[in-house]
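Note that the coordinates shown come from a computational prediction; the quantities given were computed from them, not determined experimentally. We use all heavy atoms of the structure for the numbers below, so side chains are in, but hydrogens, waters and symmetry mates are not.
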Amino acid sequence: YIVGFILEKIFKTKYWDYSNIKFNINGRVCLKNSIYWGILGVIFIFIIHPVIGNLVNILPTSVIFHLNVVLYIILITDMIITVNRILFIDDKIEEVYQIGEKIKEKISELKQSEGLEKVSVQNILEKLNDLKQEQANLKTKLYKQINRLKGAFPTMHMSEKISKFIEQKIDLKGKKNKKDEEE
């Protein structure tokens with residue numbers, strides 16, 4: 001319950017939701033899954049742990065110490081990378097929107113530049129294409145990260161900003177299908 005609460009507050013995202021299961025507490029924990037975790041804990045303590053304990057007792061203490069250090073480094077590194085990616089999803093979404101605003105500015109400049117030299121118009125068009133490509137690349141990376149998160153946490157409720165971003169993709173798909181039908 002505490003881990004679910006902390007994750008919701010830090011990432012503004014609900015990674016699991018047991019609200020639709022009987023005997024839940026705020027959708028963060030439920031009796032059914034708590035029983036399953038309890039059974040797994042008993043299996044671990046009475047079956048798996050003795051086997052692992054016997055294997056560990058064979059190894060010299062120095063090997064165990066170094067193995068622990070390596071495993072902790074891997075675990076902490078993975079945690080830092082994961083938290084960074086999750087925390088910066090909102091920043092990347094904001095960056096996509098900022099690029100969209102730059103694109104609108106360039107289009108506005110292009111509309112106003114009818115009397116300007118062709119070189120200036122060409123520069124604006126090149127910049128516009130660069131911005132569109134940068135935005136498309138950023139969106140693709142974001143969709144992959146968000147889909148990976150959704151795959152790991154299928155019942156996750158995304159933050160409002162992420163949900164809006166995902167809905168935008170659905171709208172873009174709909175627009176693309178309409179465009180294809182028109183052609």
Side-chain angles (χ1 to χ4, degrees), residues 1-20 26-28 67-183:
Y1 182 90
I2 292 169
V3 169
F5 178 80
I6 291 170
L7 287 174
E8 286 174 35
K9 294 303 173 194
I10 292 174
F11 300 117
K12 296 172 184 60
T13 300
K14 195 168 190 174
Y15 287 92
W16 60 86
D17 187 6
Y18 301 127
S19 297
N20 59 345
N26 296 329
R28 292 188 186 107
L67 188 61
N68 276 338
V69 169
V70 169
L71 290 175
Y72 275 118
I73 289 171
I74 292 170
L75 180 71
I76 291 169
T77 303
D78 179 62
M79 183 182 70
I80 290 169
I81 290 169
T82 300
V83 168
N84 266 340
R85 285 189 176 171
I86 292 171
L87 286 175
F88 290 109
I89 284 177
D90 281 349
D91 293 343
K92 292 296 180 187
I93 290 173
E94 188 60 36
E95 194 175 324
V96 167
Y97 291 140
Q98 287 173 356
I99 292 172
E101 290 302 315
K102 287 180 185 176
I103 289 172
K104 288 177 186 175
E105 289 172 16
K106 292 297 175 188
I107 290 173
S108 176
E109 282 181 38
L110 193 60
K111 287 179 180 177
Q112 294 173 358
S113 67
E114 290 177 11
L116 295 177
E117 299 176 22
K118 280 196 168 198
V119 176
S120 178
V121 172
Q122 186 63 29
N123 287 341
I124 293 172
L125 285 172
E126 287 175 10
K127 182 66 175 172
L128 186 62
N129 287 333
D130 291 345
L131 286 170
K132 284 181 179 180
Q133 186 61 44
E134 183 182 348
Q135 187 181 42
N137 291 341
L138 196 53
K139 279 184 178 182
T140 302
K141 287 179 186 177
L142 275 170
Y143 289 133
K144 285 180 182 178
Q145 284 182 349
I146 292 169
N147 284 332
R148 192 176 322 145
L149 261 177
K150 281 296 275 183
F153 301 97
T155 60
M156 176 172 60
H157 296 284
M158 301 279 187
S159 70
E160 187 178 327
K161 190 178 260 186
I162 294 173
S163 296
K164 259 175 116 174
F165 183 75
I166 291 173
E167 288 170 11
Q168 180 186 11
K169 180 181 180 190
I170 293 168
D171 289 344
L172 291 174
K173 279 184 176 180
K175 288 178 184 177
K176 183 179 178 194
N177 289 341
K178 286 180 186 177
K179 189 176 180 180
D180 290 343
E181 289 173 4
E182 289 172 1
E183 291 175 356

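Rounded to the nearest 0.5 angstrom, Q98 CD and I93 CD1 are separated by 12.5 Å. Taken from CG in L71 to CD1 in I76, the straight-line distance is 11.0 Å, to the nearest 0.5 Å.
Considering only residues two or more places apart in sequence or on other chains, Y72 meets the side-chain hydrogen bond (donor to acceptor under 3.5 Å, both in side chains) condition with none of them. Under the salt bridge (Lys or Arg N to Asp or Glu O under 4.0 Å) criterion, K141 pairs with no residue at all, not counting sequence neighbours. Scored by the side-chain hydrogen bond (donor to acceptor under 3.5 Å, both in side chains) test, Y15 finds no partners at all (sequence neighbours excluded). Take K92 and apply the salt bridge (Lys or Arg N to Asp or Glu O under 4.0 Å) test, not counting sequence neighbours, and it matches E95. Looking at residues two or more places apart in sequence or on another chain, you find a side-chain hydrogen bond (donor to acceptor under 3.5 Å, both in side chains) between N137 and Q133. Applying the salt bridge (Lys or Arg N to Asp or Glu O under 4.0 Å) test to E94 and every residue at least two apart in sequence or in another chain returns K161.
When I80, I74, I73 are each tested for a side chain to side chain contact (heavy atoms under 4.5 Å, CB included) with T77, only one passes: I73.
Aromatic ring orientation, Y1 versus F5: parallel (interplanar angle below 30°, classes split at 30° and 60°).
Between Q135 and I99, the shortest heavy-atom contact is CB-CG2, 3.5 Å. Scanning both residues, N26 and K14, for their nearest heavy atoms gives O-NZ, 3.3 Å.
Ion pairing between a basic and an acidic side chain is recognised when a charged N comes within 4.0 Å of a carboxylate O; E105 and K102 show no such pairing.
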